[in-house]
Amino acid sequence: MRILVLGGDGYLGWPTALHLSDRGHHVAVLDNFARRSYDDELGLQSLVPIESLHHRVQAWHEVSGRRLELFVGDLLDAEFLLDAVSRFRPAAIVHYAEQRSAPYSMIDRKHAVYTQHNNVIGTLNVMFAIAEVDCDIHLVKLGTMGEYGTPNIDIEEGWLTVEHNGRTDRMLYPKKPGSFYHLTKVHDSHNIEFGCRTWGLRATDLNQGVVYGQQTDQTGRDPRLATRFDYDAVFGTVLNRFVIQAVLGHPLTVYGSGGQTRGLIDIRDTIECIRLACENPAGAGEFRVFNQITETMSVADIAKTVAATFPGNVEVEYLDNPRVELDEHYYNVVHTGLIELGLQPHLLSDTLIDSLFAVAARHIDRADLSLMRPTINWRTPANRP
Ligand code: NAD
Ligand code: USQ
C-alpha cells in the first residue's frame, strides 16, 4: 500500500514509517519540524540524540535498501498538503501531526490557542484534502484515551448505545477531557465523524493511551534510526520519565496520590496497531474507533513497578498535583477491536523496563535535572507566560 505518515519525524511517526516500510509498504513522511521547535522554545532535548529527518531517511535507505519519500511542510498550509496528497496518492494517511503535550497546551493563552489551531485546523485540512483527491483514502487518526476522561461507567470503543425516555440511539461516547490538548482530539473526532457521515470518508480514530518504550525492531538497527526519548515535565510521558528519573537517582515524581489510572501501550504495539488499521481499512462512510491500549495501571503502581525493577535505591515523591484530575476513580476500558484484528500485545515486563534503564544510562549525561519538576499549573489561567 502507499501510506503517507503525517508527523513522520515524531516520537511515534518515525518508528511507524520504518515499520510500515519494512513490511513492504510504499511510505512517505510529512512533517514541519514543529516538535523540534518546541525543544528550542523551551530549552529541551530528547535524552537519546536524534538525526535530522533527511539523515534518518538516508540512513534507512542504507540499512534496509528501502526508500521513504519526504514532504517538508505544514498541515496548516492547505495548498502544500493538497499538493502532497495529490502527488503521492496514498491509499491510507496516518495522522500523527499534532501538538501532543497536555502541559504545553496549558502554559498560557498563546499555547492553548496554538494547540487548538494547529490540531483542529490541521485535521480539517487533511479531511478536505482527502475529500478533494479521493474519498476512498483511509484516514487513520491518532486520538487519545484522554478524550473520555475518567467517567464512572465503562468506557466503550467510541460509541455508546443510549436509552432515553423509552427510545434508543447509538451516539458518540460522551467526552470529558482534561486539558486544552486533549480537547483538540475531541474536536477532531467530531469533525471526522461528520466527514464520514456527510462525505462518505472512511476513518479509524485510535484513542491511544500513554506510550512507553523507545526501541523497535527497525530503530534498533542503527543509532542513526533512533527515535526521541523525552523526560522533561512538558513532553516526557509518565513511565518514560520514571525510568529516566530512577537512572538519574532523582525521586519518581508522582502527582497527587498517584491513584489516577491510565491506559498504557508499548511503542512496538503502537506501530503494529497502525499497520493493522491500515491493512484492514474502515468501510466507506464508517467512523471506526479503537481504544489503543493494552493494559491499565495507576500512576502509583507504575512508580512501584519501576522502583522494584531498578537494581538500586529509588525514592518516590508525592507532589501536589499541578493538574486538575481525579486521583480516585472507576476505570474500565473496552479494548478488544485491535486484538480482534490480530494485535498480540507486549505487556509491561521487567525485561522491557531493564532495557529502558540501559537506554537511559547510555545517554544520561544529556539529562538536565532542572527540567524534571512540573512548572505548568492547570488552576491558574495565564494570559501570558
Ligand atoms: P510528537 O510531537 O513526537 O510527533 C508529532 C509530529 O507532528 C512532530 O514531528 C511534529 O513536528 C509534527 N507536527 C505537528 N504539527 C504539525 C503540522 N501542523 N504540520 C506538520 N507536522 C506537524 O508526538 P508523538 O508522541 O509521536 O505523538 C504522535 C501522535 O500520537 C499525536 O497526535 C499524539 O497526540 C498521539 N498520541 C501520543 C501518545 C504518546 O504517549 N506519545 C499517546 C496517545 C496519543
Ligand atoms: N504524571 C505523574 N508524574 C509525572 C508525569 C505524569 O504523576 O511525572 C501523571 C499525570 O498527572 C497523569 C498521568 O501521569 O495523571 C499521565 O501523564 P502523562 O504526562 O504521561 O500523559 P498525558 O499528559 O495524558 O499525555 C500523554 C501524551 C498525549 C497522549 C496521552 C494519552 O503526551 O499525547 O494523548 O498521553 S492519555 O493519557 O490516555 O490521554
Side-chain angles (χ1 to χ4, degrees), residues 5-16 29-39 46 53 71-77 80-81 94-106 114-115 117-119 121-123 125-126 141-150 177-179 181-182 184-185 188 206-213 227-228 230-242 245 252-265 267 270 274 291-293 296 298-300 302-303 317-319 321-327 333 372-374 378:
V5 180
L6 310 178
D9 188 45
Y11 169 54
L12 302 177
W14 174 245
T16 300
V29 290
L30 181 152
D31 210 290
N32 70 345
F33 307 129
R35 177 66 192 83
R36 293 180 190 247
S37 77
Y38 313 143
D39 281 353
S46 161
L53 184 55
F71 295 93
V72 175
D74 195 328
L75 294 192
L76 297 185
D77 179 347
F80 156 78
L81 176 63
V94 177
H95 179 12
Y96 282 114
E98 299 201 328
Q99 191 300 99
R100 70 102 173 131
S101 157
Y104 187 90
S105 75
M106 300 298 289
Y114 163 77
T115 301
H117 186 242
N118 186 61
N119 295 4
I121 307 303
T123 297
N125 287 346
V126 173
K141 166 68 171 51
L142 269 291
T144 176
M145 281 304 296
E147 291 187 36
Y148 302 112
T150 52
S179 73
Y181 153 70
H182 287 100
T184 67
K185 299 290 190 179
D188 287 343
L206 296 168
N207 287 334
Q208 181 168 246
V210 184
V211 181
Y212 59 85
T227 196
R228 316 183 51 93
D230 293 302
Y231 65 93
D232 59 272
V234 182
F235 279 94
T237 47
V238 64
L239 197 144
N240 289 350
R241 259 165 77 69
F242 287 173
Q245 289 169 346
L252 310 192
T253 53
V254 171
Y255 300 164
S257 72
Q260 58 276 46
T261 299
R262 294 290 180 268
L264 299 176
I265 183 164
I267 191 169
T270 291
I274 301 295
N291 293 338
Q292 190 162 306
I293 66 169
T296 59
S298 74
V299 167
I302 297 172
E317 191 177 352
Y318 293 84
L319 303 176
N321 197 335
R323 306 187 184 196
V324 176
E325 59 187 359
L326 296 179
D327 58 6
V333 182
M372 206 54 96
R373 297 215 168 236
W378 262 230

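Counting starts at 1 for both ligands and their atoms, following the listed order. Just so it is clear, the structure is predicted and the values come from calculations on it, not from any experiment.
- Near A102, meaning under 4.0 Å from one of its heavy atoms, ligand 2 places the atoms 23 (O).
- Protein heavy atom nearest atom 30 (C) of ligand 2, with residue, atom name and distance: T144 OG1, 3.7 Å.
- Looking only at protein heavy atoms, the nearest one to atom 20 (O) of ligand 2 is V238 N, 2.7 Å.
- If you number the atoms of ligand 1 from 1 as listed, the ones under 4.0 Å from a heavy atom of K185 come out as 31 (C), 32 (O), 33 (C), 34 (O).
- The closest non-hydrogen atom to atom 8 (O) of ligand 2, taken over D230, T253, N207, comes from T253.
- Counting only N and O atoms by type, the side chains of N207 and Y148 include a donor and acceptor under 3.5 Å apart.
- Within the listing of ligand 1, atoms 40 (O) sit less than 4.0 angstrom from a heavy atom of T237.
- Short contacts between ligand 1 and G7, defined as distances under 4.0 Å to a heavy atom of the residue, involve ligand atoms 6 (C), 7 (O), 12 (C).
- The distance criterion of under 3.5 Å between nitrogen or oxygen atoms is met by Y181 with respect to ligand 2.
- Looking only at heavy atoms of the protein, atom 28 (C) of ligand 2 is closest to R100 O, 3.4 Å.
- Under a 4.0 Å heavy-atom criterion, G209 is in contact with ligand 2.
- Within the 4.0 Å heavy-atom criterion, the part of E325 lying near ligand 2 is the side chain and not the backbone.
- Closest protein heavy atom to atom 37 (O) of ligand 2: V210 CG2, 3.3 Å.
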request  = List the steps and the verdict of side chain to side chain contact (heavy atoms under 4.5 Å, CB included) for R36 and D31.
outcome  = CA-CA 10 Å; R36 293 180 190 247; D31 210 290; over 6 Å; no
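- Here the options are V5, D9, V29, the test is side-chain contact (heavy atoms from CB on, under 4.5 Å), and the partner is Y96; only V5 passes.
- Looking only at protein heavy atoms, the nearest one to atom 13 (C) of ligand 2 is V299 CG2, 3.9 Å.
- When L76, L12, N118 are checked for heavy-atom proximity to atom 15 (N) of ligand 1, N118 turns out nearest.
- When only non-hydrogen protein atoms are considered, atom 17 (O) of ligand 2 lies nearest to R323 NH1, 3.5 Å.
- For ligand 2, the atoms lying closer than 4.0 Å to a non-hydrogen atom of T237 are 20 (O), 26 (C), 27 (C), 32 (O).
- Using a 4.0 Å heavy-atom cutoff, Q245 is absent from the residues neighbouring ligand 2.
- Counting only heavy atoms of the protein, atom 7 (O) of ligand 2 lies nearest to Y255 N, 2.8 Å.
- Judged by the 6.0 Å distance and 45° axis criteria, R35 is positioned over the aromatic ring of F235.
- When the options R241, Q292, M145 are ranked by their closest heavy atom to atom 38 (O) of ligand 2, first place goes to M145.
- Nearest to atom 14 (C) of ligand 1 by heavy-atom distance, out of A97, G73, G143, is A97.
- Exactly one residue among T123, N119, T144, T115 makes a side chain to side chain donor-acceptor pair (under 3.5 Å) with T184. That residue is N119.
- The option with the heavy atom closest to atom 31 (C) of ligand 1, from among Y96, Y114, W14, is Y96.
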